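Note sheet for the following structure.
First the proteins, then the strands, lettered A, B, ... as listed; each starts at 1. Computed from a predicted model, the values in this text were never measured in an experiment.
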Number of protein chains: 4
Amino acid sequence: MGGTMDGTKQQRRGNTRQRIQDVALELFAEQGYEKTSLREIAERLDVTKAALYYHFKTKEEIIVSIFQDLTKPIEELIEWGREQPHTLDTKREIIRRYSAALAEATPLFRFMQENQATVRELQIGDSFKDRMRGLRDIFIDTDAPLTDQVRCVSAIFTLHAGMFFLQDIEGDPEDKRAAVLDVAFDLVSQAHHGA
Amino acid sequence: MGGTMDGTKQQRRGNTRQRIQDVALELFAEQGYEKTSLREIAERLDVTKAALYYHFKTKEEIIVSIFQDLTKPIEELIEWGREQPHTLDTKREIIRRYSAALAEATPLFRFMQENQATVRELQIGDSFKDRMRGLRDIFIDTDAPLTDQVRCVSAIFTLHAGMFFLQDIEGDPEDKRAAVLDVAFDLVSQAHHGA
Amino acid sequence: MGGTMDGTKQQRRGNTRQRIQDVALELFAEQGYEKTSLREIAERLDVTKAALYYHFKTKEEIIVSIFQDLTKPIEELIEWGREQPHTLDTKREIIRRYSAALAEATPLFRFMQENQATVRELQIGDSFKDRMRGLRDIFIDTDAPLTDQVRCVSAIFTLHAGMFFLQDIEGDPEDKRAAVLDVAFDLVSQAHHGA
Amino acid sequence: MGGTMDGTKQQRRGNTRQRIQDVALELFAEQGYEKTSLREIAERLDVTKAALYYHFKTKEEIIVSIFQDLTKPIEELIEWGREQPHTLDTKREIIRRYSAALAEATPLFRFMQENQATVRELQIGDSFKDRMRGLRDIFIDTDAPLTDQVRCVSAIFTLHAGMFFLQDIEGDPEDKRAAVLDVAFDLVSQAHHGA
DNA sequence: GATGAATGAGTATTCATTCAT
DNA sequence: AATGAATGAATACTCATTCAT
C-alpha cells in the first residue's frame, strides 16, 4: 500500500522514531493524549501499530520521551539560573531565555497546558513540577511581601498566557512578544523595588 | 445489598440528578473527563450505569449541564459589565466579582483548566470562548498600546494563576487572595495610566 | 443473526453465567487455558465478548469460579475425612468417595491435569494444593515407613491415572473403574499391614 | 553494550543452538509453553529474536528438537525392552532404567507433565503416545485380569508421581527414590503372581 | 426512577514471524 | 552468525450506549 521505490519510504529509514514523536506530539496537542489512539498515530505515519511498539515500549513512553527531549533547554536554563546571583538582572535574563525556550517548544507546552489532568498522572507531571519549583526558588524571595511574590508568579504566567491567549488579540506577533516581555519585566521590577 | 430502609436511600430521593453532577465533576476534575468512566461515577453513587441514562442522555450532557449551571454567575457578571462604562473602577469591580465567582466554582474551573483539550471539542469550548471574549471586550481597549492590553490579559490570568499555582507558596489563604487581587488591580491601573 | 422468537434465546435468559462456565471449561480442557480465547468462548455461545465481561470481571475469574463450584464436593469430603478416625476403613471410604467425586468433575480434573503450568500461576493452584495437602494429612501417617507412605500417594495417583490413562486399555468402563478401586484399596491395605 | 572481547561471547561461539534449547526448556517448564515468548528467551540469552530464527524455523521446532534430543534414551530403552522376553525380571529392569531416564530428563518431563494440553497439539504428543504405547505393550499382558493390568499402569504412574509429588513428603531424596522403586516393583510382582 | 443484560466499536499491548543487510 | 525494523493477526479488556422489564 504505497510506493516501494518512490523515495518516500527511502527517506523514512532510520528516522522512524523521530517521526513518531513528531506526529504523536502534534496529535496529542490537537486532540488530547487520551483521545489520541496509537492506531491514529500509526495510520498517519503509514506504519502498523506494532511498529510503534518496536520504538517505544508503551504509549506513555512516547510522550515521556518527547517531554524529555523538548524540555532539556529549560532544564539547562534552570541549572544556569541556580548558579547566578538572585539579582533583578538575573531574573530579567531568565525571563528572556525562558520566553525563548517556550517559543521553541510551543507544541509541547500547548500539549501540557491543555492536558494537565493527564500530565499529572503521567510521571511527566512530577518532573515538570520539580522544574517549576526550581524556577520558583530562583524567582521568588520567600522573605519578600506576598504581593511581590505574587508579582513574580504572575510574570511567569504572563509568559505562558502570552503563548496561547494572545492569539485572539490583533497585532504583529513580534510586537506582541515584545509587549509580553515588557509586562513580565515590569512585574519583576516592581517586585524588586517594592513598588 | 446496601441499605434499603436505612434512610440513606430515603434521603437520596429526588436529588439523584444533583448527586450525579457533584460526583461527576469531582471525578472529571480529579482524573480528567476522558479517563473518568460512567461505570466509575455509577459505582461511587451506588447506582447502575443505566440509571445515569435516565437522568442524562449522554456523557457529554452531564458535563454540559454542570457547566451551564456553574457558569451562570459569570455570564451574569459579563452581562452586567457590558452595561457599565469602561472605566477603571468598573474593571476593578469586575476583577473583584470575577475573583469571587472563580472561588465559588473552583472545581469547575479546575476541570476546565486541566482539560482544555477536551473542553475544546465539547461545544462547552465555544460558549466559554464566547464568554471570555465578552470579558476581553470589556477589559481591553483595542486602541491602547499593546503593552497595556497585555497587562489586562495578564490581570485576568493572575486571578486564574492564583487559584491553582499559589498553593505551593506559604501564607494565609486570605492573605494570598488579597495579594492576588492587589497585583491584578495594579496591572489594570497601570494599563489605564499608561504606566 | 439468530432467532429472536425461536425459543433458543428464550431459554438462554438467566442462565448465561452457567452457560459461559460450561463452554469455557469444555474449551479450556480441550485446548488449554492460554490457547482458548474469550472470542472463541463468546462465539460458541453466540454472544459478544463484552457479554462475558458482564458476568465475569476477568478471564481468570471464569476459571476460578468453575473451580470453586466443582471442587466443593471434594472440599466437603476432606472436611468429613478430618473428623473420622484415621483407620483403614476410613481410607477405603475416602478412596471410594474421592473416586466418585473425581468422576463427577471429570472435565475439571482433565483441565487441571493438562494445564498444571497454568493452574500453578492462577491462585487456583494454591487452594488446590491446600486441598491436596489436607487429603495427604488424612492419608499419610508420617511415622510409617517411607515405602508405605509412597503406597498411599500411589493409591491416590492410581485413581487419577484411572481417569485419563486407562482409556487406551480395552474393557468395560465399569470393570475398569472397579479394577482401579481394587488396586487403590490394595495399596492402602498393604500400607496398613506393613506388607 | 555486551562484551565483545571479554570471553563471554567468545565462549558462546558455536553453541548458541544448545543454549537456546537450555533456556527455552527451563522457561517452558517454569511458565508453560504458551506463556513463554520468544522475546523472553532471546532476552535471557542476550540475543535478538531474529537470532533464534537463524537456528530454528519456528517456536514449535525448538520444543520438538528438545524433545527429540532428550527422549532418545527412553526410545532406546523401549527398543531394548521389545527384544527381551516379557518376564517379571525384564519389567523390573525396565522400571529401574525408566526411573533413571526420568531422573536424567527431569525438566523435560516436568514440562510435559505440566503442559499436556499443549503437548497434545504439538506433534510431540503423538510420538510420545507412540512411545508410551510401546512401553505399555511390553508391560501389559492383555490376557491378564484387568486388576493386574491396572497395577502395571499404576507402577509406571508411581514413578512419575515420585518425580513431582513426593517433594512435599519429608525424607532423604535417595530413600524416597528407593521407596518409589519398591512400590513399583511390588505392583508388577503382584500383577505377575496374580496377587 | 431504576435495573439487568447485552452490544459494537474501540483500546493498548503482545506475539510469532519475515527479510534485507 | 546475527541484527534492526517491521508486519498481521491476535488478545484481554473497557466504554458509552440501548432497551425490555
Residue met sooner reading DNA chain E from 5', once B:T48 and D:K59 are mapped to nucleotides
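Mapping each residue to its closest nucleotide by heavy atoms, the 5'-most match is B:T48.
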
[X] [atom1] - [N] [atom2] separation (whole Å):
{"X": "D:I62", "N": "E:dC15", "atom1": "CD1", "atom2": "P", "answer": "14 Å"}
{"X": "B:Y53", "N": "E:dA2", "atom1": "OH", "atom2": "P", "answer": "16 Å"}
{"X": "D:Q18", "N": "F:dA1", "atom1": "CD", "atom2": "P", "answer": "15 Å"}
{"X": "D:H55", "N": "E:dT17", "atom1": "NE2", "atom2": "C1'", "answer": "16 Å"}
{"X": "A:L45", "N": "F:dA5", "atom1": "CG", "atom2": "C1'", "answer": "14 Å"}
{"X": "A:I63", "N": "E:dA12", "atom1": "CD1", "atom2": "C1'", "answer": "16 Å"}

More 5' along DNA chain F: A:R17 or D:Y54, using each one's nearest nucleotide?
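So the residue in question is D:Y54.
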
Want to settle it: does C:A50 or D:K49 sit nearer the 5' end of DNA chain F, counting the closest nucleotide to each?
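The 5'-side residue here is D:K49.
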
pair A:K59-A:L38: side-chain heavy atoms closer than 4.5 Å
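Yes - at least one pair of side-chain heavy atoms lies under 4.5 Å apart.
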
Please tell me if the side chains of D:L25 and D:L70 come closer than 4.5 Å, counting only heavy atoms from C-beta onward.
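Result yes, sub-4.5 Å side-chain heavy-atom pair found.
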
Between F:dA2, E:dT17, E:dA6, spot the one nearest the side chain of D:T16, thanks.
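Side chain of D:T16 sits closest to F:dA2.
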
Side chain of D:V47, heavy atoms from C-beta onward: which of E:dT3, E:dT7, F:dT3 has the nearest atom to it?
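Among the listed nucleotides, the one closest to the side chain of D:V47 is F:dT3.
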
Under a 3.5 Å cut-off for both distances, is E:dG8 Watson-Crick or wobble paired, and to whom?
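Checking every strand shown, E:dG8 finds its partner in F:dC15, with both distances under 3.5 Å.
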
For the atom pair OG1 (B:T58) and CD1 (B:I62), what is the distance rounded to the nearest 0.5 Å?
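Result: 7.5 Å between the selected atoms.
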
Nearest 0.5 Å, what's the CD1-CG distance between A:I63 and A:L108?
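Here the interatomic distance stands at 6.5 Å.
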
According to the interplanar angle, ranging from 0 to 90°, do the rings of A:F28 and A:F111 count as parallel (below 30°), tilted (30 to 60°) or perpendicular (above 60°)?
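It falls in the tilted class, 30° to 60°.
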
Return yes if some donor-acceptor pair links the side-chain N/O of B:Y33 with the main-chain N/O of B:E60 below 3.5 Å, else return no.
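Between the backbone of B:E60 and the side chain of B:Y33 there is a qualifying donor-acceptor contact (under 3.5 Å).
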
Between residues 33-41 of chain C and DNA chain F, which residues have a heavy-atom gap below 4.0 Å?
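DNA chain F contact set from residues 33-41 of chain C: C:T36, C:S37, C:L38, C:R39.
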
Looking at D:R44 and D:E40, is any side-chain nitrogen of the basic one under 4.0 Å from a carboxylate oxygen of the acidic one?
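No, no charged N to carboxylate O under 4.0 Å.
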
